[in-house]
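Here's the structure, in structure tokens; my notes come after.
Only a predicted model underlies this, so the values are computations on that prediction, with no experimental measurement involved.
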Amino acid sequence: MSVFPRTTAHLVIGGGLAGSMVAMRLAAAGREVTLLERERTAHHKVCGEFLSREAVQYLEQAGVDPVDLGAKTIRNVRLTARRRTVEAALPFPALSLSRCLLDEATLLRAAQAGCMVERGAQVESLAAEGGMWSAEVRGGGSWRAQQVFLANGKHDLRGWERK
């Protein structure tokens with residue numbers, strides 16, 4: 001553990017889509033923000049990799065173009081159960097993009113907006129102390145911040161239950 005914790009005005013814990021988006025919005029607004037991501041590199045995730053029209057619009061507003069990243073158009077949905085398959089056209093064109101590519105692009109965009117991104121920083125504990133937040137990082141080191149945004153997704157943070 002470091003003797004002197006590093007400080008930031010806004011600390012974002014988690015570098016997936018939610019964490020990256022809040023970090024880039026804060027940084028774009030001129031706020032001092034640090035994002036801590038537990039993984040050292042972007043990786044593949046088990047998910048549908050489906051981007052709705054609204055999701056695409058939000059990404060484009062943030063400066064991330066899924067088509068430029070290689071997204072593929074989805075026009076139909078197909079459901080299969082046992083030996084039966086049903087297919088229907090979507091009411092709008094959607095996109096499919098690897099979360100590995102998308103997460104990397106949104107973290108890069110957050111850094112370009114002025115956010116300090118620290119990878120390989122797994123937060124082990126979080127506590128309120130004297131009007132500030134204190135976050136301890138595995139392997140040593142700590143952060144103090146005025147505000148904290150938990151965007152750690154499926155990874156629980158000890159002492160902070162999902163609501």
Side-chain angles (χ1 to χ4, degrees), residues 2 4-74 92-129 131-157 160 162-163:
S2 67
F4 300 104
R6 295 183 278 177
T7 61
T8 186
H10 307 281
L11 183 65
V12 178
I13 299 173
L17 294 177
S20 294
M21 290 299 279
V22 74
M24 73 175 73
R25 299 290 261 192
L26 286 166
R31 305 296 177 95
E32 178 191 32
V33 58
T34 300
L35 182 149
L36 303 179
E37 166 54 36
R38 68 184 276 144
E39 302 292 337
R40 293 198 179 281
T41 60
H43 62 285
H44 291 285
K45 296 178 180 174
V46 178
C47 71
E49 300 180 348
F50 179 91
L51 298 173
S52 68
R53 178 175 39 215
E54 294 85 2
V56 171
Q57 289 172 344
Y58 289 132
L59 289 167
E60 288 174 344
Q61 287 172 5
V64 176
D65 187 342
V67 173
D68 285 349
L69 297 172
K72 302 297 181 198
T73 302
I74 301 173
F92 56 85
L95 296 176
S96 176
L97 181 64
S98 159
R99 279 295 302 276
C100 184
L101 293 173
L102 185 56
D103 287 355
E104 187 64 33
T106 55
L107 279 173
L108 176 62
R109 184 67 193 100
Q112 290 170 339
C115 173
M116 187 181 105
V117 176
E118 186 174 315
R119 294 182 183 211
Q122 181 177 345
V123 175
E124 291 193 316
S125 66
L126 178 65
E129 298 175 352
M132 295 281 285
W133 290 94
S134 178
E136 298 296 324
V137 178
R138 175 178 279 172
S142 62
W143 281 91
R144 287 183 49 84
Q146 295 166 357
Q147 294 183 330
V148 172
F149 297 84
L150 286 180
N152 48 320
K154 68 180 180 183
H155 301 286
D156 288 331
L157 182 58
W160 295 91
R162 292 174 209 254
K163 303 279 181 184

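Rounded to the nearest 0.5 angstrom, Glu49 CD and Cys100 SG are separated by 9.5 Å. In this structure, Leu26 CG and Gln147 CD are separated by 8.0 Å, a value rounded to the nearest 0.5 Å. Summarising the geometry, atom NZ belonging to Lys72 is positioned 10.0 Å from atom CG belonging to Leu97; distances are rounded to the nearest 0.5 Å. Between Trp133 atom CH2 and Ile13 atom CD1 the span is 9.0 Å, to the nearest 0.5 Å. To the nearest 0.5 Å, atom CD of residue Glu39 and atom CG of residue Asp103 are 10.5 Å apart. With rounding to the nearest 0.5 angstrom, the CD atom of Gln61 is 6.5 Å from the CZ atom of Arg25.
Comment: Arg119 engages Glu104 in a salt bridge, judged by a side-chain N to carboxylate O separation of less than 4.0 angstrom.
In this structure, the side chain of Glu32 engages the main chain of Ala9 through a donor-acceptor pair within 3.5 Å.
Gly19 and Leu35 make their closest contact through O-CD1, 3.5 Å (heavy atoms, listed as atom of the first residue, atom of the second, distance). The two residues Leu150 and Leu126 have their closest heavy-atom pair at CD2-CD2, 4.0 Å. The minimum heavy-atom distance linking Ser96 with Ile74 is given by the pair CB-CD1, 3.5 Å. Nearest heavy-atom pair across Ala62 and Met21 is CB-CE, 3.8 Å. Closest of all the heavy-atom pairs between Ser52 and Phe92 is CA-CE1, 4.2 Å. Residues Leu11 and Ala145 approach most closely at CB-CB, 3.7 Å, considering heavy atoms.
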Val33/Met24 under side-chain contact (heavy atoms from CB on, under 4.5 Å): CA gap, chis, key distance, verdict: CA-CA 9 Å; Val33 58; Met24 73 175 73; over 6 Å; no
Taking it one step at a time, do Val56 and Val67 satisfy side-chain contact (heavy atoms from CB on, under 4.5 Å)? CA-CA 9 Å; Val56 171; Val67 173; over 6 Å; no
Given side-chain contact (heavy atoms from CB on, under 4.5 Å), test Leu36 with Val12 step by step and report yes or no. CA-CA 6 Å; Leu36 303 179; Val12 178; over 6 Å; no
Audit row: Leu59, Thr106, side-chain contact (heavy atoms from CB on, under 4.5 Å) steps and yes/no: CA-CA 8 Å; Leu59 289 167; Thr106 55; 4.0 Å; yes
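At least one side-chain heavy atom of Met132 sits under 4.5 Å from a side-chain heavy atom of Gln146. Two residues are said to be in side-chain contact when any heavy atoms from C-beta on lie closer than 4.5 Å; Cys115 and Arg31 fail this criterion.
Other residues, nucleotides and ligands contribute more than 12 heavy atoms inside 6.0 Å of the CZ atom of Arg144.
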